[in-house]
Structures are given as structure tokens and as C-alpha cells.
There are 2 protein chains.
Amino acid sequence: MLRGDITAAIRNAVMNELAEVGYGRLSIEAVARRAGVGKTAIYRRWSNKLEMVLEIVSAVAERSVPMPDTGSFAGDLQLLMFIVSKALQHRIASQIIPDLMAEAARNPKIAETLQRALRTHQLAVGEKIVGQAVTRGELPAGTNADLAVDLMLGPLYWRLAVSRTPIDDDYLENLSHAVIGALRQGGPAT
Amino acid sequence: MLRGDITAAIRNAVMNELAEVGYGRLSIEAVARRAGVGKTAIYRRWSNKLEMVLEIVSAVAERSVPMPDTGSFAGDLQLLMFIVSKALQHRIASQIIPDLMAEAARNPKIAETLQRALRTHQLAVGEKIVGQAVTRGELPAGTNADLAVDLMLGPLYWRLAVSRTPIDDDYLENLSHAVIGALRQGGPAT
DNA sequence: CCAGGACGCAACGGTTGCGTTCCGGCGCTC
DNA sequence: GAGCGCCGGAACGCAACCGTTGCGTCCTGG
């Protein structure tokens with residue numbers, strides 16, 4: 001019976017407000033103001049700020065990051081990096097994600113939600129890509145998928161979300177070459 | 001004429017409060033309470049929250065991250081990674097750094113301070129290490145120092161500050177091997 | 001046509017924090 | 001031993017937000 005357009009306006013307002021002031025400073029009143037909605041409408045849907053944010057954010061996060069399968073590891077890797085870099089350059093995402101990551105460090109419920117919404121999926125993607133590469137013989141058998149994920153996503157995240165330096169196609173290509181090089185000899189320590 | 005022990009207590013309280021609630025929720029009153037100090041003592045030293053936090057944080061940040069010079073690139077890299085991983089595993093630092101990074105995305109003054117206190121120095125260290133390795137012939141001449149810094153620090157930061165998975169010595173060694181592999185063939189795209 | 005529910009709006013009392021002011025106490029230095 | 005300046009503490013007026021409530025309106029289904 002809740003009106004869908006109102007719910008959508010609230011969801012939208014939460015994402016924007018989250019991007020502008022962060023979770024710590026997010027207030028229900030500001031969300032209502034921004035959505036052009038009474039506070040009542042919000043409390044009718046969620047019982048508090050945390051629950052609201054978690055539900056909305058994970059709903060958004062769950063529809064993203066496909067499984068690349070281009071036939072070669074280099075192709076998979078470049079596609080994955082391209083997608084992730086696009087996502088991390090999105091105005092709202094690039095504000096919200098680091099903010100919630102930081103918040104997760106002190107709020108276990110946020111940590112758990114983020115873990116489920118992002119990390120688990122990332123690990124699955126990484127394992128699949130690496131696994132395919134190993135069966136194709138492109139990577140050594142002992143390749144550590146965990147390490148691979150860190151190498152694939154770490155530098156991207158670092159550059160886009162932390163140091164916030166712009167990225168171009170050349171950089172992305174250099175990076176993917178570097179990661180391939182890393183994984184080829186990044187197996188068990190010699 | 002300001003008492004030094006009071007100043008120290010405030011600095012300490014700010015760091016701890018920052019770690020617990022983050023910049024967004026940091027309040028002068030809480031800092032004063034924690035330091036066992038009157039608000040007056042704080043306003044006598046800094047004129048507002050932002051100025052206080054920036055001064056205190058950059059004072060702490062400036063005394064860190066030495067220049068490794070072990071004689072080999074592998075040695076430099078492992079030492080650097082060891083130091084950084086220790087720093088990022090420090091209870092307070094691991095909370096404050098991601099928090100301020102996220103805050104920097106929406107506050108230019110924080111961004112500028114962090115840039116000066118951390119990133120600039122990191123880049124200098126990276127350039128020095130890579131430069132030494134190139135003159136020694138351990139890395140190809142065209143090696144991109146920018147990319148190198150991203151590869152050295154990105155995965156570490158990702159793992160310790162974002163996914164918050166524990167790290168052991170083996171992992172660190174694998175990672176450094178991988179990074180060396182990456183840089184050896186991460187030059188200009190073929 | 002009517003009942004019911006979701007809507008916005010405004011207001012409630014209570015809490016928190018801001019930045020400022022004034023106080024009396026304490027420890028310097030001269 | 002007088003005076004100066006920092007100290008903690010308390011209170012100030014102001015603003016924001018909390019979560020709740022009551023009001024009147026509008027839309028919808030029966």
C-alpha cells in the first residue's frame with residue numbers, strides 16, 4: 001500500500017545524502033527534506049537510520065559486477081578492471097563506498113552487509129577468472145586467488161578512491177599487464 | 001604559556017575520538033570530556049574542529065615512513081611493505097586513515113592536508129626506490145613510478161583497510177614477489 | 001459514496017553540540 | 001606576596017535532529 005514513487009524518492013535521497021555528508025552525518029530529517037517527503041513516510045518504511053541505509057545500499061549493490069568470460073585471462077582481466085574502474089568513477093559510488101568502508105570499521109552490521117554485498121561476490125569473480133586461466137594454462141597451478149583479487153582490485157581502488165588520481169585507458173592497460181606479470185610469478189615464494 | 005601536558009592530553013583524545021566515532025561525528029565536547037579538560041582549553045588552542053583535526057593529524061603523520069635503502073629492490077620493497085603494513089595494522093591508524101580518506105572526498109582542506117602529509121611523501125619514496133632499482137638494472141628503464149606506487153601500496157591498503165583480512169609474513173612475501181614480477185613486465189604496453 | 005490508509009506538515013519534549021562568557025582556583029614570575 | 005594567565009566548570013542562546021503524535025487532504029477499493 002506504500003506508494004512506490006515515494007519509496008523511490010527516498011531511496012534516491014538517501015544515496016545522494018550519503019554521498020554528500022556521509023553515514024555519520026546522515027539525518028532522517030535531511031533525507032525527508034531532500035526527498036520532498038514527510039519524516040513519517042520514512043519511519044513507516046524503516047525503523048531507524050542503520051536499517052534504512054543497509055537495506056537501500058545493499059539493494060543497489062546487489063545488481064552489479066558481472067562475471068567476465070572472454071576466453072582469455074588478459075581479456076577477462078581488462079574487462080573486469082574496466083567495469084570496476086567505471087563503477088568507482090561514478091560520482092555517487094566513489095563517495096559512498098569509501099565512506100561505508102570506513103564506517104564498517106566501527107559498525108559490525110555495516111561490515112557484514114558490505115562483506116556480503118561486495119567482497120564475497122568479488123572473491124567469487126576472482127576465483128572464477130583465475131580458475132579458468134589456470135585450466136587454460138595461462139597461470140601456474142598454485143596461483144592464489146586471494147592474492148589475485150588483491151592485486152586486481154587493490155591498485156584500482158587505491159588510485160580511484162584513495163589518491164583520486166584520474167585514470168586513462170593507457171594506465172588501465174599498463175596495470176592489467178602488470179597484474180598478469182605479477183600473477184605469472186607470484187606463486188609460492190621461491 | 002599554554003600547558004604542554006594539557007595540549008598532549010587533547011591531542012591524544014582527538015586521535016582516539018577520531019578512531020572511535022570518525023571525523024563526521026567528532027565533537028569538541030566529547031574531546032574535552034575524554035581529555036579531562038575544559039572546552040575553553042581547546043578553543044584557546046584552535047579556533048574550530050577542522051583546524052584542530054588537521055593540525056593534530058598532520059603533526060602525527062609527518063613523522064613516519066622512512067626511505068628504505070637496503071641495496072636491492074626486493075629488499076627495499078619488502079621493507080617498505082613491512083613498515084606500511086605495520087602502520088596500517090595499528091589500531092588507531094587503521095580507523096583514522098580510511099575515515100579521513102573518505103572525508104577528504106567531500107572536504108578539499110582535508111584532501112589537501114592528506115595529500116601533503118601522505119601521498120606526496122609516498123610518491124617520493126616510490127620514485128626513489130624505483131629509480132635506484134632502474135640504475136641497478138633490476139627494473140627496465142621505462143618503469144612508471146606512479147604505477148609502481150599503486151602496485152606496492154594498493155593491495156596492502158585494500159587488504160588491511162578495506163577488506164580487513166589479516167596478513168601474515170608469507171602473504172607479504174608473496175605480494176612483494178608478485179609486485180616485482182609486475183614491474184618487470186609492466187612497462188609500456190607491448 | 002464511504003472507509004481506510006498513506007500522505008505532508010507542524011509541533012511536541014528531549015538531547016546534543018556549537019562557540020562564548022564568566023567564575024573562582026591554582027601556580028607561575030617578579 | 002601581588003598580579004597575571006591558564007585552568008576546569010558551569011551556564012548561556014542557538015541550532016539541529018531525534019522519534020512520536022495529531023491534523024487535514026487525497027487517493028483508492030469495495
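Quick note: numbers below take in every heavy atom, side chains included, and nothing from hydrogens, waters or symmetry partners. Labels below follow one simple rule: chain letters A, B, ... track the order of the sequence lines, proteins then strands, and each chain is numbered from 1.
For the pair A:Asp5 CG and C:dA6 C1', the computed distance is 11 Å after rounding to whole Å. Regarding A:Ile42, its CD1 atom lies at a distance of 12 Å from the C1' atom of C:dG8, rounded to whole Å. In this structure, B:Arg3 places its CZ atom 10 Å from C1' of D:dG8, rounding to the nearest Å. The distance between atom CG of B:Leu2 and atom C1' of D:dC4, rounded to the nearest whole Å, is 14 Å. Separating the CD1 atom of B:Ile10 from the P atom of D:dG8 is a distance of 7 Å, rounded to the nearest angstrom. In this structure, the CD atom of B:Glu29 is 14 Å from the P atom of D:dC12, given to the nearest Å. For the pair B:Tyr43 OH and C:dC22 P, the computed distance is 17 Å after rounding to whole Å. If you take CD1 of A:Ile6 and P of C:dC9, they are 10 Å apart, rounded to a whole angstrom.
Judged by distance alone, the side chain of A:Lys109 and the main-chain N or O of A:Glu51 form no donor-acceptor pair under 3.5 Å. Panel note: side chain B:Arg159, backbone B:Pro166; a donor-acceptor pair is recorded below 3.5 Å. A donor-acceptor contact shorter than 3.5 Å links the side chain of B:Lys49 to the backbone of B:Leu26.
Residue B:Thr40 is classed as a base contact, given a heavy-atom separation below 4.0 Å to a base. At a threshold of 4.0 angstrom between heavy atoms, the contacts of B:Arg45 are confined to the sugar-phosphate backbone, with no base atom among them.
Of the two residues contacting DNA chain C, namely B:Ala30 and B:Arg44, the nearest-nucleotide position lying further toward the 5' end is that of B:Ala30. Residue B:Ala35 is the one, among A:Ser27 and B:Ala35, whose nearest nucleotide of DNA chain D lies closer to the 5' end (criterion: closest heavy atom).
Nearest nucleotide to the B:Lys39 side chain, out of C:dG19, C:dC7, D:dC17: C:dG19. Which of C:dC18, C:dG8, D:dC17 sits closest to the side chain of A:Val37 comes down to C:dG8. With distances taken from any side-chain atom of B:Ile28 to the nucleotides C:dC7, D:dC18, C:dC18, the minimum falls on C:dC18.
Ring geometry for B:Tyr157 against A:Trp158 counts as perpendicular: the plane angle is over 60°, on a 0 to 90° scale with 30° as the lower cut.
In this model, a donor atom of one side chain and an acceptor atom of the other lie less than 3.5 Å apart for A:Thr7 and A:Arg45.
At C:dG17, one or more side-chain N or O atoms of B:Arg33 fall inside 4.0 Å of OP1 or OP2 (strictly under the cut-off).
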